[in-house]
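None of these values were measured; they are calculated from a predicted model.
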Amino acid sequence: MEQCLHSVLKAVKGIQAEVLVIDNNSTDGSTAYLKPMFPAIHFIVNTENLGFAKACNQGLRNATGKYILFLNPDTIVPEDCFQQCIAFLAAHPDAGALGIKMMDGSGQFLKESKRAFPGPTTSLYKLFGLSKLFPRSRTFSKYHLGYLDENKNSEVDVLAGAFMLLKKEVLDKIGGFDEIFFMYGEDVDLSYRIQKAGYRNYYFAGSSILHFKGESTKKGTLNYVRMFYNAMSTFVRKHYGGSRAGIFNLLIHLAIWFRAILTATGNFIRRIGLPLLDAGLILVSFWLVKNIWTDYVRRDIQYENKLLWIAFPAYTIFFLITAYYAGLYDRWYKRSELIRSMLIATIFLLAAYSLLPEQYRFSRGIILFGATLAFVFISLLRWALMQTNVLSSNKEKAGSTATVVAGTSAEYGEVLQLLKAAGLEKRVLGRISVEETDNTALAHLHQLRKLSVTLPFREIIYCQGFLSFAGIINNLQQLPGGVTAKIHSRGSGSIIASISKDSLGESVSKENGYKLSDPYNRRLKRLIDAGTAFFFLVSFPVQLFIVKKPVNFLRNCLAVLFAKKTWIGYAIPEKNLPALHPAVIACNGLPAAAAGQLPTESLQMMDYWYARDYEPMNDLKMIGKTYRKLGG
């Protein structure tokens with residue numbers, strides 16, 4: 001929102017304009033943050049989430065302009081955008097509304113910029129993927145009007161609610177958004193009513209905006225599927241009659257179930273099913289190798305099934321534990337984590353094998369070839385899941401790539417400060433100059449392609465200041481392959497990005513530089529908690545004579561083991577820091593109850609440092625130092 005408003009204020013210069021922001025009961029403190037920064041903007045704050053349509057109408061009732069623009073907060077507009085769009089509408093008396101060419105955060109065209117009304121066959125072609133197979137077909141790609149040139153102005157049916165510019169006189173005649181739509185479908189309905197009133201909807205390619213698509217909802221959820229297709233069903237019931245509506249509604253409900261099954265399957269695999277699939281592939285691999293080994297390599301040897309039933313599951317379990325702590329089941333897939341997990345599990349099994357008595361051993365070849373086949377199978381599974389967007393490649397992972405910054409020396413320094421606060425400054429390789437006479441940088445902006453051949457950067461941060469928003473948007477479309485982009489507006493306290501239309505965007509600010517947020521560190525913290533608690537419980541008869549308050553110590557051990565508490569944590573409750581269970585010992589080494597008696601500001605700063613600079617080994621050291629006080 002901050003970046004969006006910076007771009008909007010640039011774009012309204014020279015135009016008599018008012019800007020209204022409707023806050024639908026946000027809970028992140030954004031309005032309190034934004035109001036002092038943008039005193040000229042009128043903020044309307046709701047105490048509940050009214051939905052998209054009602055909130056837009058709320059703004060409409062307070063607006064006085066000749067033209068009304070409904071704009072999503074996850075957008076960036078170029079400086080000349082509004083002037084060009086208004087000029088186009090003024091030159092077309094038959095126009096009721098205008099949409100614009102939209103691109104995602106990587107500069108790729110968004111097909112949602114122009115659409116046809118949803119009909120039975122149109123929707124069917126989209127649902128079953130025919131529109132993707134034939135993206136330029138007048139028949140199969142009608143939903144996104146793929147046969148129309150994205151770089152030419154066109155008359156279209158549906159405009160996207162993310163950027164919808166209308167004449168106020170048209171809205172006075174037909175009304176605003178229909179509030180029976182909570183989210184999705186309201187833009188289709190309004191576009192339909194504009195045409196029914198005798199006006200035309202235009203797609204305008206003379207300017208383009210960035211739309212970090214996917215920020216308003218999590219698109220991979222069942223809730224998204226339900227909301228989207230129910231909105232389409234509402235539109236059909238409202239505007240289509242007779243058998244056509246019945247057929248379309250039947251198709252929509254089939255689509256809801258079809259998409260819901262696909263979404264549920266993908267979510268299950270991401271959250272729970274992936275380790276189960278890996279376990280199955282490992283067991284199958286060892287079973288296949290064992291049969292091949294005994295049938296074709298060592299026919300003279302027969303292995304006892306009960307031995308194999310112990311060895312193979314043991315390897316599988318150890319692999320899953322190793323993979324979990326190596327990060328293989330994080331949101332992002334990294335091939336090195338799979339290799340590391342396989343190597344550690346294989347070495348462990350070979351070591352255990354060497355310690356077994358001779359009569360309990362089986363072939364090391366089965367272990368090695370079984371592990372190799374399992375690696376191949378799991379690699380193929382990850383490839384298939386990435387191709388179907390169930391998993392994301394580590395190439396898309398924020399913070400994992402070398403970065404260059406395009407801006408002046410002063411802008412470069414400002415960005416470095418933000419990255420330093422977020423703990424990301426080490427990945428910056430240097431500066432890209434934006435001034436023609438500046439020869440003090442790695443290269444000039446127009447030399448990016450040449451530079452990408454010799455310097456292994458995979459991310460660029462554009463500084464808006466000397467560069468205009470329009471210049472950034474144009475340059476985005478010329479980025480070398482494999483390079484992603486972020487944007488920092490002059491005067492803002494953040495850097496934003498969205499890798500693609502299918503993934504939620506990333507923001508970088510001083511608030512997200514917490515090492516404690518890293519999934520790897522959080523897993524290690526939990527491992528330390530559970531491991532030490534288990535050790536203390538097993539050795540409790542000894543601890544009974546050493547620790548203070550042994551009964552409380554026993555209670556704390558159980559609470560930590562079952563994830564009700566953590567040994568080391570915050571001194572006071574912190575809602576703006578990474579979440580932790582209540583602490584037995586505060587991060588300053590005092591029992592949590594005693595730590596709270598110190599000045600609040602000091603405790604807040606101490607907790608902030610603990611979250612920002614978290615190191616798992618420090619928890620172990622603190623547990624050792626405060627060992628006798630763990631009774632609380």
Side-chain angles (χ1 to χ4, degrees), residues 3 6-7 10-11 13 75-81 83-84 100-110 149-152 205-212 395-396 398 400-419 424-425 427-492 494-501 505-506 508:
Q3 306 280 348
H6 274 291
S7 72
K10 292 275 186 183
K13 283 188 176 179
T75 54
I76 286 181
V77 299
E79 288 78 358
D80 61 349
C81 175
Q83 290 180 335
Q84 290 197 50
I100 200 167
K101 180 181 178 182
M102 298 189 298
M103 295 180 296
D104 65 19
S106 63
Q108 299 298 309
F109 174 70
L110 287 172
D149 190 338
E150 66 195 54
N151 297 311
K152 291 183 179 179
S207 183
S208 55
I209 71 167
L210 295 184
H211 181 201
F212 300 118
K395 292 177 181 178
E396 299 177 5
S400 65
T401 53
T403 302
V404 294
V405 179
T408 64
S409 295
E411 291 166 346
Y412 178 68
E414 187 177 333
V415 166
L416 277 186
Q417 286 301 312
L418 276 172
L419 293 174
L424 301 173
E425 77 279 7
R427 72 196 216 190
V428 177
L429 299 178
R431 183 173 67 90
I432 303 297
S433 64
V434 292
E435 301 167 281
E436 289 295 337
T437 56
D438 184 357
N439 298 316
T440 61
L442 295 172
H444 192 272
L445 193 58
H446 62 68
Q447 299 173 313
L448 269 185
R449 287 192 176 275
K450 288 183 180 178
L451 184 66
S452 66
V453 176
T454 57
L455 192 69
F457 72 93
R458 286 295 173 264
E459 178 184 82
I460 180 170
I461 298 175
Y462 291 103
C463 298
Q464 182 278 323
F466 185 88
L467 282 176
S468 65
F469 283 113
I472 292 171
I473 292 172
N474 287 334
N475 195 266
L476 260 176
Q477 301 173 71
Q478 302 163 29
L479 279 179
V483 176
T484 59
K486 288 186 173 71
I487 298 173
H488 169 64
S489 303
R490 175 184 286 171
S492 71
S494 57
I495 303 168
I496 60 170
S498 185
I499 296 160
S500 75
K501 68 182 181 65
E506 177 201 6
V508 175

(request) Quick one: closest heavy-atom pair of S7 and I76, and the distance? (result) OG-CA, 3.7 Å

(message) I'd like to check the side chain to side chain contact (heavy atoms under 4.5 Å, CB included) partners of S433; sequence neighbours left out, ordered by chain and number.
(response) R431, D438, A441, H444

(request) Check the side chains of S492 and Q3 for a donor-acceptor pair under 3.5 angstrom, ignoring hydrogens and angles. (result) yes

(request) Can you see which heavy atom on L479 is nearest to which on Y462, and at what distance? (result) CD2-OH, 3.2 Å

(message) Among residues at least two apart in sequence or on other chains, which ones pass side chain to side chain donor-acceptor pair (under 3.5 Å) with Q417?
(response) none

(message) Is the shortest side-chain heavy-atom distance between N475 and L467 below 4.5 Å?
(response) no

(request) Measure the shortest side-chain to side-chain distance between E411 and R490 over non-hydrogen atoms and say whether it is less than 4.5 angstrom. (result) yes

(request) Check S208 against I100 and note the closest heavy-atom contact, atom names and distance. (result) N-CD1, 4.2 Å

(request) Could you tell me the separation between the CZ atom of F469 and the CG atom of D80, rounded to the nearest 0.5 Å? (result) 13.0 Å

(request) Please confirm whether the backbone N or O of K486 pairs with a side-chain atom of E459, one donor and one acceptor, at under 3.5 Å? (result) no

(request) Please tell me if the side chains of N474 and Q477 come closer than 4.5 Å, counting only heavy atoms from C-beta onward. (result) yes

(request) Compare every heavy atom of R449 with every heavy atom of P480, then report the nearest pair and how far apart it is. (result) CA-NH1, 3.7 Å

(request) Could you list the residues that satisfy side chain to side chain donor-acceptor pair (under 3.5 Å) with Q464, not counting sequence neighbours? (result) none

(message) Can you see whether D104 engages Q108 through a side-chain donor-acceptor pair at a distance of less than 3.5 angstrom?
(response) no

(request) Would you indicate whether the side-chain heavy atoms of P78 and S207 approach each other to under 4.5 Å? (result) yes

